[in-house]
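These numbers were taken from a predicted model, which means no experiment stands behind them.
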Amino acid sequence: VWNGENKIEDRNYVPALVVMNMILHETGQTVDGLQCLDSMICIAAGKPFQGEKMKQAIMLLNGKAGSFAAMTVSGILSTICGDDSDAVKQFSKAAEENSEARHCLGECYWRGKGIGQNKQLALSWFVKANELGNVGAKCSVAICYHLGFGVQEKNMPLSLRLYREAAEAGSAQAEANLGLCYEFGVGVEQNVEEAIQHYLKAAEKGETTAMCNLAACLNAGKGGMKEDQQVAEDAVKWWKRAAEQGNAEAQYNLGVCYQNGIGITLEKEEAFKCFKEAADQGGYVAAMKSLAWCYDVGFGVKKDSKVAKS
C-alpha cells in the first residue's frame with residue numbers, strides 16, 4: 001500500500017456487472033456484451049480461463065467503437081494478459097472521458113508498464129481521474145503527496161485529507177493507509193487503537209494489506225488488546241483470509257501459526273504448504289528460509305537436504 005503498487009491486474013473487479021452495464025448502456029448492445037461478461041466474472045472471482053477466451057473478449061470490446069467503458073475494460077484485460085502496450089493504447093483512448101481509464105493510465109506511468117516510467121505524469125493522470133470523481137485516484141494522489149512522488153515535496157496534511165475523503169467514499173486502500181499513519185504516527189499523533197479501527201474497516205472491504213496489519217496488531221497485543229487464545233484466533237482468521245487471496249506475507253505468517261500452534265492447531269503439513277505458497281511468489285526471503293528449514297529437518301515434508309540448500 002505504501003508504494004502505491006495497487007496493480008491493475010491485482011484488483012478485485014467484483015462489480016463486473018456494473019462495468020458491463022456501462023458498456024451496454026453506451027452501445028445499446030445486449031447479446032454481444034454478455035459474451036464477454038463471462039470473462040469479466042471469471043476475473044472477478046479469480047478463476048482461470050483459457051487465453052483464447054480472453055482474446056475473444058478483448059476483440060469484442062475493441063469492436064465497440066466510441067465506448068470509453070469498453071476501451072477501459074479492454075485495457076484491463078490486456079494488462080492481465082501481459083500486453084501492457086495495448087493496455088496503454090486503450091487507456092489513452094478512453095481517458096478522454098473515463099475516470100478509471102485515467103487512473104489506470106496513471107498507474108502505467110507510475111510503474112513504467114507499457115510506457116516510460118514518469119511519476120509526474122502519473123500524478124497528472126491521477127489528478128485528472130480524481131476530477132471525474134474516481135475514488136481510487138483520490139487515494140493515489142494522496143499516496144503521491146505522502147511519499148513525495150511526482151511533487152516537489154511531501155505534504156502530509158494534504159495527503160491525510162485526501163486519504164480521509166477517499167476512505168469516507170469507500171476506498172479500502174485509503175482506509176488501510178490511514179491505519180498505517182496512525183499506527184506509526186506519520187503526520188498524526190500515534191494512536192494504535194485508531195489504527196486498528198481503520199485496518200478493520202479496510203479488511204472488511206477485502207484489503208489484504210489491512211488484513212495482515214490487523215492480524216499483526218492483534219498477534220502482538222497492540223492497542224490494548226489482551227494476548228489470549230481468542231485474540232490469537234482472530235489474528236489467524238485475518239491472516240487466513242489474506243492468504244486465500246494470495247498475499248505472501250499472510251501465507252508466511254499463517255505458516256508460522258501452523259508451525260507453532262499459535263491460534264490454531266499445530267499442523268506440520270499445513271505450515272509447509274503455507275511457506276511454499278509464499279516462497280513460490282518469489283522475493284519473500286523469510287518464507288524461503290522457512291521452506292528450506294522444512295526440507296532440511298523434514299517438517300511437514302520428506303527430508304531433503306539437497307532441496308533445502310537449493
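Expressed to the nearest 0.5 Å, how far OG of Ser159 lies from CG of Leu178 amounts to 8.5 Å. Summarising the geometry, atom CD1 belonging to Ile262 is positioned 11.0 Å from atom CG belonging to Leu254; distances are rounded to the nearest 0.5 Å. Atom-to-atom distance recorded for Gln259:CD and Cys294:SG is 6.5 Å, nearest 0.5 angstrom. The CG atom of Asn98 sits 12.0 Å away from atom CD of Gln90, with the distance rounded to the nearest 0.5 Å. A distance of 7.0 Å separates OH of Tyr145 from CG of Asn155, quoted to the nearest 0.5 Å. Rounded to the nearest 0.5 angstrom, Glu175 CD and Cys139 SG are separated by 10.0 Å.
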For residues 298-310, run the donor-acceptor check on the side chains, cut-off 3.5 Å, and write out each pair with its distance to 0.1 Å, sequence neighbours left out.
residue	atom	partner	partner atom	Å
Asp304	OD1	Lys306	N	3.2
Asp304	OD1	Val307	N	3.1
Ser310	OG	Val307	O	2.6

Under 3.5 Å, side-chain donor or acceptor atoms of residues 199-206 against the rest of the protein: list the pairs with distances, not counting sequence neighbours.
residue	atom	partner	partner atom	Å
Tyr199	OH	Gly179	O	3.4
Tyr199	OH	Leu180	N	3.4
Tyr199	OH	Glu183	OE1	2.5

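In terms of hydrophobic clustering, with Ile, Leu, Val, Met, Phe, Trp and Tyr side chains grouped at heavy-atom distances under 4.5 Å, Tyr182 and Ile143 are assigned to a common cluster. Linking Ile, Leu, Val, Met, Phe, Trp and Tyr residues whenever their side-chain heavy atoms come within less than 4.5 Å leaves Val231 and Val236 in two separate clusters. When hydrophobic clusters are built by joining Ile, Leu, Val, Met, Phe, Trp and Tyr residues whose side-chain heavy atoms come closer than 4.5 Å, directly or via intermediates, Ile264 is not grouped with Leu214. Residues Phe275 and Leu266 do not share a hydrophobic cluster, defined by chaining ILVMFWY side chains whose heavy atoms lie under 4.5 Å apart. Clustering ILVMFWY residues whenever any of their side-chain heavy atoms sit less than 4.5 angstrom apart, transitively, puts Leu162 in a cluster other than the one holding Leu132.
Scanning for side-chain contact (heavy atoms from CB on, under 4.5 Å) contacts around Cys212 gives Trp239, Ala242, Asn247, Glu249, Ala250, with sequence neighbours left out. Remark: Glu233 engages Gln229, Gln230 in a side-chain contact (heavy atoms from CB on, under 4.5 Å) (not counting sequence neighbours). Every residue was checked against the side-chain hydrogen bond (donor to acceptor under 3.5 Å, both in side chains) condition with Tyr109, not counting sequence neighbours, and none meets it. For Leu123, the side-chain contact (heavy atoms from CB on, under 4.5 Å) partners two or more places apart in sequence, or in a different chain, are Val127, Val141, Cys144, Val151. In this view, Asn134 and Ser99, Glu100, His103, Ala129, Ala137 satisfy the side-chain contact (heavy atoms from CB on, under 4.5 Å) rule, not counting sequence neighbours.
Within the structure, salt bridge (charged side-chain N to carboxylate O under 4.0 Å, His left out) contacts touching residues 69-84 (residues at least two apart or in different chains) are Asp84-Lys113. Sorted by first and then second residue, the side-chain hydrogen bond (donor to acceptor under 3.5 Å, both in side chains) pairs with a member in residues 278-299 read Gln251-Gln281, Lys276-Asp280; sequence neighbours excluded. Applying the salt bridge (charged side-chain N to carboxylate O under 4.0 Å, His left out) test to residues at least two apart or on different chains, the pairs with a partner in residues 123-142 are Lys138-Glu165. Sorted pairs that involve residues 261-271 and meet side-chain hydrogen bond (donor to acceptor under 3.5 Å, both in side chains), not counting sequence neighbours, are lacking altogether.
Listed for the Arg102 side chain is no donor-acceptor partner under 3.5 Å among the backbone atoms of Trp125. Between the side chain of Thr79 and the backbone N or O of Gly75, at least one donor-acceptor pair lies under 3.5 Å. A donor-acceptor pair under 3.5 Å is formed between the side chain of Asn260 and the backbone N or O of Val256.
Taking the side chain as every heavy atom from C-beta outward, Lys154 and His146 never approach each other to under 4.5 Å. Taking the side chain as every heavy atom from C-beta outward, Leu291 and Phe272 approach each other to under 4.5 Å. The shortest side-chain heavy-atom distance between Met156 and Cys181 falls under the 4.5 Å cut-off.
Scanning all heavy atoms of the two residues, the minimum distance from Val135 to Ala166 falls at CG1-O, 3.5 Å.
Each of Leu105, Asp86, Ile115 was compared with Phe91 under the side chain to side chain contact (heavy atoms under 4.5 Å, CB included) criterion, and only Leu105 meets it.
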